[in-house]
Trainee: 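Got a structure for you, written out below as structure tokens; questions coming shortly.
Just so you know, these numbers come straight off a predicted model, no measurement behind them. Residue numbers count from 1 along this sequence. Hydrogens, waters and symmetry mates are skipped; everything else that's a heavy atom, side chains included, is used.
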Amino acid sequence: MPFYDQVNETAPRERLRTLQLQKLQKLLRDISGLNRFYAKKWRDAGIIAADIQSFSDFEKLPFTYKSALVLAQEEAPPFGTNATFSVDAYTRVHQTSGTTGTPMRVVDTPESWDWWGHCWGHVLKGAGVTSADRVFLPFSFGPFIGFWATVEGTKRVGAMMIPGGGWDSIQRLHMMRELGATVVCCTPTYALRLAEVARQAHFDMTSLSVRALIHAGEPGANIARTKARIEEAWSAKCFDHAGASEVGAHSFECELQPGGIHLIESEFIAEVIDPQTGLEAGAGETGELVITNLGRAGFPVIRYRTGDLVRMNLSPCACGRTFARFDGGLLGRSDDMVTIRGVNVYPTAIENVIRQFGSVDEFQVTVTTVHEMRHLEVQIEVVSGNDAEHVRTHVEQAIYHAISLRPTVSVAEPGTLEHFEMKARRFRRLNGPSENQQT
Ligand SMILES: [Zn+2]
């Protein structure tokens with residue numbers, strides 16, 4: 001079983017907690033007097049960072065919200081008051097994809113960029129990647145941090161990195177075959193897109209040597225039906241990974257795939273809270289992930305409200321790691337849930353239903369409000385050669401069966417729905433008054 005950092009990955013939990021506290025105290029010392037964002041935040045809360053001696057002290061620190069980091073950036077553009085050091089200390093800048101709201105910039109020093117590579121080392125080794133592997137990255141590199149950090153990670157594990165930028169999907173498939181790529185890192189959406197392109201171009205997917213895909217950027221590898229569909233199309237194993245630009249690459253799936261992802265607890269502190277009350281969720285309960293990164297003094301997040309819903313499992317994994325697991329991966333976003341006629345609907349639940357239909361290529365879900373009632377509308381693109389009406393009826397029934405809500409399913413002309421290469425945006429809410437609001 002390959003580990004990236006065996007001593008810490010298999011350490012008794014008490015030792016992990018001690019290590020976390022030591023790293024936290026060092027971080028607080030390193031940013032003390034330099035980081036304007038936290039200096040103000042803690043001054044306002046009446047807290048002196050040097051007094052943090054235990055986890056119960058730590059829990060007195062106020063939460064950090066993404067909106068506050070965005071505001072901090074607006075107050076001191078372009079990098080904001082959370083950039084601890086002077087600008088010349090930084091060697092990297094990235095920004096969030098900005099699909100919702102203002103893009104947030106993050107900056108890294110050489111040390112914190114190394115730390116990103118170190119975290120990705122865990123992700124790659126977790127999926128069994130070694131120096132014998134050739135890792136294909138099918139992207140044109142933009143400001144998004146995710147797969148830049150993968151490049152650093154491949155170097156750490158000694159694998160060969162194959163850059164696949166500036167090419168279209170079919171060229172990438174040929175390149176994977178010619179260069180013998182064994183691992184592909186991409187969003188689940190793009191893995192399915194490549195398979196679709198292969199099918200249209202009569203490219204034989206079994207001629208590839210890819211044995212593993214590592215997914216990030218959106219849910220999918222943790223959605224059973226989506227994962228099964230990717231694994232079938234690629235004849236390869238899918239691995240889930242979670243991270244965020246402002247947080248780091250924090251969780252990965254091990255080779256045993258115990259139905260969840262391990263948090264790199266030597267580099268992050270995770271808490272799970274009730275998103276409404278902010279209080280710690282009970283053991284094994286689903287709640288919002290609050291995370292503290294321990295290796296990025298130049299741009300730290302401390303008790304950061306990720307908005308991701310998780311269920312933490314502290315029991316040791318059969319792989320030998322003692323790192324906590326999030327059962328089922330990131331289960332959704334605390335703000336993604338939409339209530340339709342009294343039913344709580346998560347986008348991942350709908351995706352899990354639709355992905356069981358091999359005859360559906362792409363889909364789009366829209367929540368509309370008509371006469372103060374919300375409705376679920378689903379558009380599907382049906383693979384040619386299938387009876388579209390037959391597929392449509394079955395999708396409608398399957399969604400109704402799964403979530404007890406009857407959607408309106410319609411068939412879109414082939415090629416009219418947006419096909420995604422990075423993060424997909426398949427769920428839309430057309431703004432209208434909520435069910436309980438008056439117009
Ligand atoms: Zn494991």
Side-chain angles (χ1 to χ4, degrees), residues 1-30 51-61 114-130 153 156-157 239-243 247-273 279-297 300-304 306 308 310-330:
M1 181 64 59
F3 294 97
Y4 182 71
D5 176 13
Q6 186 164 3
V7 171
N8 285 325
E9 287 179 68
T10 60
R13 292 204 52 80
E14 316 81 72
R15 210 166 77 213
L16 274 175
R17 294 296 272 172
T18 307
L19 176 71
Q20 287 177 327
L21 194 58
Q22 286 167 349
K23 286 195 174 188
L24 173 72
Q25 288 176 313
K26 179 175 185 318
L27 172 71
L28 297 178
R29 281 195 303 274
D30 289 349
D51 291 347
I52 308 293
Q53 302 293 331
S54 65
F55 278 101
S56 53
D57 293 340
F58 168 65
E59 285 161 19
K60 292 180 193 141
L61 293 174
D114 271 354
W115 173 81
W116 270 93
H118 175 73
C119 294
W120 258 97
H122 290 76
V123 178
L124 293 167
K125 270 287 172 89
V129 178
T130 69
R156 294 298 192 101
V157 301
F239 291 88
D240 195 13
H241 154 63
V247 176
H250 59 72
S251 302
F252 67 94
E253 193 167 358
C254 68
E255 276 191 285
L256 294 188
Q257 303 202 306
I261 48 179
H262 284 286
L263 174 80
I264 306 171
E265 282 194 278
S266 48
E267 306 299 337
F268 299 89
I269 299 172
E271 302 166 79
V272 182
I273 61 158
L279 299 173
E280 189 181 347
E285 273 178 30
T286 299
E288 182 180 343
L289 172 64
V290 173
I291 209 158
T292 298
N293 58 15
L294 301 169
R296 205 185 199 186
V301 288
I302 298 171
R303 302 201 81 208
Y304 182 68
T306 61
D308 294 316
V310 294
R311 195 167 51 239
M312 189 139 77
N313 179 349
L314 295 178
S315 62
C317 182
C319 72
R321 289 179 180 87
T322 49
F323 284 174
R325 274 173 288 159
F326 300 132
D327 286 338
L330 303 185

Trainee: Quick one: list whatever passes salt bridge (Lys or Arg N to Asp or Glu O under 4.0 Å) with Asp308, sequence neighbours left out.
Mentor: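 Partners of Asp308 by the salt bridge (Lys or Arg N to Asp or Glu O under 4.0 Å) criterion, ordered by chain and then number, come out as Arg333.
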
Trainee: Considering non-hydrogen atoms only, spot the tightest contact between Pro2 and Glu255 and give its length.
Mentor: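 Reported closest heavy-atom pair: CD-OE1, 3.4 Å.
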
Trainee: Say you draw a straight line from NE2 of His262 to CG of Asn313; how long is it, rounded to the nearest 0.5 Å?
Mentor: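 Answer for the NE2-CG pair, His262 versus Asn313, is 9.5 Å.
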
Trainee: Apply ring-ring contact (aromatic ring centres under 6.0 Å, His included) to Tyr4 and list each qualifying residue two or more places apart in sequence or on a separate chain.
Mentor: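 For Tyr4 the ring-ring contact (aromatic ring centres under 6.0 Å, His included) partners, ignoring immediate neighbours, are His118, His122.
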
Trainee: Would you give the length of the straight line joining atom OG1 of Thr18 to atom CG of Leu16, rounded to the nearest 0.5 angstrom?
Mentor: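 Between Thr18 OG1 and Leu16 CG, I get 8.5 Å after rounding to 0.5 Å.
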
Trainee: What distance do Trp116 atom CH2 and Arg296 atom CZ have between them, rounded to the nearest 0.5 Å?
Mentor: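 It is 5.5 Å, given to the nearest 0.5 Å.
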
Trainee: Under 3.5 Å, sequence neighbours excluded: what are the donor-acceptor pairs made by side chains of residues 19-28?
Mentor:
unit_1, atom_1, unit_2, atom_2, d
Gln20, OE1, Arg17, NH1, 3.1
Gln20, NE2, Glu265, O, 2.9
Gln20, NE2, Phe268, O, 2.9
Lys23, NZ, Ser266, O, 3.1
Lys23, NZ, Glu267, OE1, 3.4
Lys23, NZ, Glu267, OE2, 3.2
Gln25, NE2, Ile52, O, 2.8
Gln25, NE2, Gln53, OE1, 3.4
Lys26, NZ, Asp30, OD2, 2.7

Trainee: Is the number of heavy atoms from other residues, nucleotides or ligands under 6.0 Å of Glu280 CD greater than 12?
Mentor: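 Open.
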
Trainee: Could you tell me whether Glu285 and Arg311 make a salt bridge, using a distance below 4.0 angstrom between a side-chain N and a carboxylate O?
Mentor: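 No, this pair does not count.
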
Trainee: Taking the six-membered ring for Trp, are Phe252 and Phe323 parallel (under 30°), tilted (30 to 60°) or perpendicular (over 60°)?
Mentor: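 Correct class here is perpendicular.
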
Trainee: Please give me the minimum heavy-atom distance between Val157 and Val129, naming the atom from each residue.
Mentor: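 Closest approach of Val157 to Val129: CG2-CG1, 4.1 Å.
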
Trainee: Output the distance between atom NE2 (His250) and atom CD1 (Ile261), rounded to the nearest 0.5 Å.
Mentor: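 Result: 6.5 Å between the selected atoms.
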
Trainee: Taking all non-hydrogen atoms of both residues, which atom of Trp120 and which atom of Gly153 are closest, and how far apart?
Mentor: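 Heavy atoms of Trp120 and Gly153 come nearest at CB-CA, 3.8 Å.
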
Trainee: To the nearest 0.5 Å, what is the distance between CG on Leu263 and CG on Leu289?
Mentor: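 It comes to 7.5 Å.
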
Trainee: Between Trp115 and Val247, which heavy-atom pair has the shortest distance, and what is it?
Mentor: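 Taking every non-hydrogen atom into account, CH2-O, 3.5 Å.
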
Trainee: Applying side-chain contact (heavy atoms from CB on, under 4.5 Å) between Arg325 and each of Pro316, Pro258, Ser251, Cys254, report the one that passes.
Mentor: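 Per the side-chain contact (heavy atoms from CB on, under 4.5 Å) rule, the option paired with Arg325 is Pro258, out of Pro316, Pro258, Ser251, Cys254.
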
Trainee: May I ask you to decide if Pro300's main-chain N or O and Asn293's side chain share a donor-acceptor pair within less than 3.5 Å?
Mentor: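 Not a single qualifying donor-acceptor pair exists.
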
Trainee: Okay, side chain of Arg303, backbone of Glu59: is any donor-acceptor separation there less than 3.5 Å?
Mentor: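 Side chain of Arg303 to backbone of Glu59: a pair is present.
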
Trainee: Mind running side chain to side chain contact (heavy atoms under 4.5 Å, CB included) on Thr292 and Val301 for me, showing each step along the way?
Mentor: CA-CA 6 Å; Thr292 298; Val301 288; over 6 Å; no

Trainee: What is the minimum heavy-atom distance between Ala270 and Phe326, and which atoms define it?
Mentor: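 Here Ala270 and Phe326 meet closest at CB-CZ, 4.1 Å.
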
Trainee: With a 4.5 Å heavy-atom cut-off, do Val272 and Val290 have their side chains touching?
Mentor: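 A side-chain contact under 4.5 Å is absent here.
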
Trainee: Please name the pair of heavy atoms, one in Thr10 and one in Gly320, separated by the smallest distance, quoted to 0.1 Å.
Mentor: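 It is CG2-O, 3.2 Å.
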
Trainee: Can you tell me how far CG of Asn8 sits from CZ of Arg321, rounded to the nearest 0.5 angstrom?
Mentor: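 Answer rounded to 0.5 Å: 12.0 Å.
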
Trainee: May I ask you to test the Leu330-Val310 pair for a side-chain heavy-atom distance under 4.5 Å?
Mentor: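 The answer is yes, as the side chains (C-beta and beyond) meet within the 4.5 Å cut-off.
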
